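Down below is the structure, laid out as structure tokens.
Fair warning: this is a prediction, and the values are worked out from it, not measured in the lab. Residue numbers run from 1 in the order of the sequence given.
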Amino acid sequence: MASWSAFAAAEPTLANGIRALLEQYGPGMGYLATVRPDGGPRLHPVSPVFTDDGLFCFIVDSPKRRDLERDSRYALHAYPPEDNDDEACLTGLAVPVHDPLTVARLAGALHASPDVDWRIFELTVDTAMLRRHGPAGALPLAATPFLPAYARTWRAPRGLRRPLAVAS
């Protein structure tokens, strides 16, 4: 797994496209998929936070946080744009942030209430995918003029990949 920063340094165009879709409505917005105790998927809306240091999520006490504390695998998908069917998706591990300076800096920058039971997770990147369908969406017959679809996928090099961290 790579940090968001390492991924963005390796693939800046791809990272910028993914970030643009996740922040298309202002603050980061996406769907976070986690793994339920029975192995099934669970999907939640979240507000991912990009910094120079990485990609983070504040997660309140909830089924999604308990999922990540038990099995750190995640997938993050951008909300669909209103005018096309472009897609962005990341997969990796959600790693709890324990460093008090990092927690304080992020909480202060985002005005996170100390009265709420939240924890910060850094979202590492194993795979990143961006697919652009163009202004007509996925329906090529409606495109004027026709714009071919664009798809790009990146996978963390072996040297950056870590074994799955699944708690027992």
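Interatomic distance, Glu122 CD to Phe56 CZ, rounded to the nearest 0.5 Å: 4.5 Å. Atoms OG1 and CE, from Thr127 and Met1 in turn, are 8.5 Å apart once rounded to the nearest 0.5 Å. In this structure, the separation between CZ on Arg131 and OH on Tyr150 is 11.5 Å, given to the nearest 0.5 Å. Taken from CE in Met129 to OG1 in Thr153, the straight-line distance is 6.5 Å, to the nearest 0.5 Å.
In this structure, the side chains of Pro37 and Arg42 come closer than 4.5 Å at one or more pairs of heavy atoms. Side chains of Thr124 and Val95 form a contact here, defined as non-hydrogen atoms less than 4.5 Å apart. Contact check for Leu76 versus Leu22: side-chain heavy atoms found under the 4.5 Å cut-off. Residues Trp4 and Leu90 meet the side-chain proximity criterion, which asks for heavy atoms closer than 4.5 Å. In this structure the side chain of Phe121 never reaches within 4.5 angstrom of the side chain of Lys64, judged on heavy atoms. A heavy-atom distance below 4.5 Å is found between the side chains of Leu14 and Phe7. Two residues are said to be in side-chain contact when any heavy atoms from C-beta on lie closer than 4.5 Å; Met29 and Pro45 fail this criterion. Side-chain contact between Pro96 and Arg119 is absent, with no heavy atoms from C-beta onward closer than 4.5 Å.
Hydrophobic clustering keeps Tyr74 apart from Phe58 (ILVMFWY residues linked when any side-chain heavy atoms are closer than 4.5 Å, directly or through intermediates). No continuous path of hydrophobic side-chain contacts links Leu43 to Leu68 [ILVMFWY only; heavy atoms under 4.5 Å]. Tracing side-chain contacts under 4.5 Å through hydrophobic residues (I, L, V, M, F, W, Y), one never reaches Leu32 starting from Val35; they form parts of separate clusters. Hydrophobic cluster membership is shared by Phe50 and Val46, with clusters built from Ile, Leu, Val, Met, Phe, Trp and Tyr side chains linked at under 4.5 angstrom. There is no path of hydrophobic side-chain contacts, each under 4.5 Å, that joins Ile59 to Ile120.
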>> Please evaluate residues Leu130 and Trp154 with respect to the criterion side-chain contact (heavy atoms from CB on, under 4.5 Å), reporting the C-alpha separation (whole Å), side-chain torsions for both, the decisive distance (0.1 Å), and the verdict.
In response: CA-CA 9 Å; Leu130 176 65; Trp154 177 88; over 6 Å; no

>> Checking His44 against Thr34 for the side-chain contact (heavy atoms from CB on, under 4.5 Å) test, could you report, in this order, the C-alpha distance in whole Å, the side-chain angles of both residues, the deciding distance, and whether it holds?
In response: CA-CA 8 Å; His44 321 268; Thr34 59; 3.2 Å; yes

>> Between Asp53 and Thr102, is the side-chain contact (heavy atoms from CB on, under 4.5 Å) condition met? List the steps.
In response: CA-CA 10 Å; Asp53 298 323; Thr102 302; 6.0 Å; no

>> The test is side-chain contact (heavy atoms from CB on, under 4.5 Å); show your working for His77 and Leu21 and say whether it passes.
In response: CA-CA 9 Å; His77 197 284; Leu21 279 175; over 6 Å; no

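Heavy atoms only, all atoms of each residue included: Val103 and Val97 are closest at CG2-O, 3.6 Å. Nearest approach of Ala156 to Ala2, heavy atoms of both residues: CB-N, 4.3 Å.
Ion pairing of Glu11 with Arg152 is present here, as a side-chain N (NZ or NE/NH1/NH2) and a carboxylate O approach within less than 4.0 Å. The residues Arg66 and Asp61 are annotated as salt-bridged, a charged nitrogen and a carboxylate oxygen being separated by less than 4.0 angstrom. A salt bridge is defined here as a Lys NZ or Arg NE, NH1 or NH2 lying under 4.0 Å from an Asp or Glu carboxylate O, and Arg105 with Asp99 fails to meet this definition.
Under the 3.5 Å distance criterion, the side-chain polar atoms of Trp118 are left unmatched by any main-chain donor or acceptor of Cys57. Using a distance-only test at 3.5 Å, with no hydrogens or angles considered, no donor-acceptor pair links the side chain of Asp71 to the main chain of Asp67. Between the side chain of Thr91 and the main chain of Asp126, no donor-acceptor pair closer than 3.5 Å is present. The main-chain N or O of Ser3 is never found under 3.5 Å from a side-chain atom of Ser5 such that the two would form a donor-acceptor pair.
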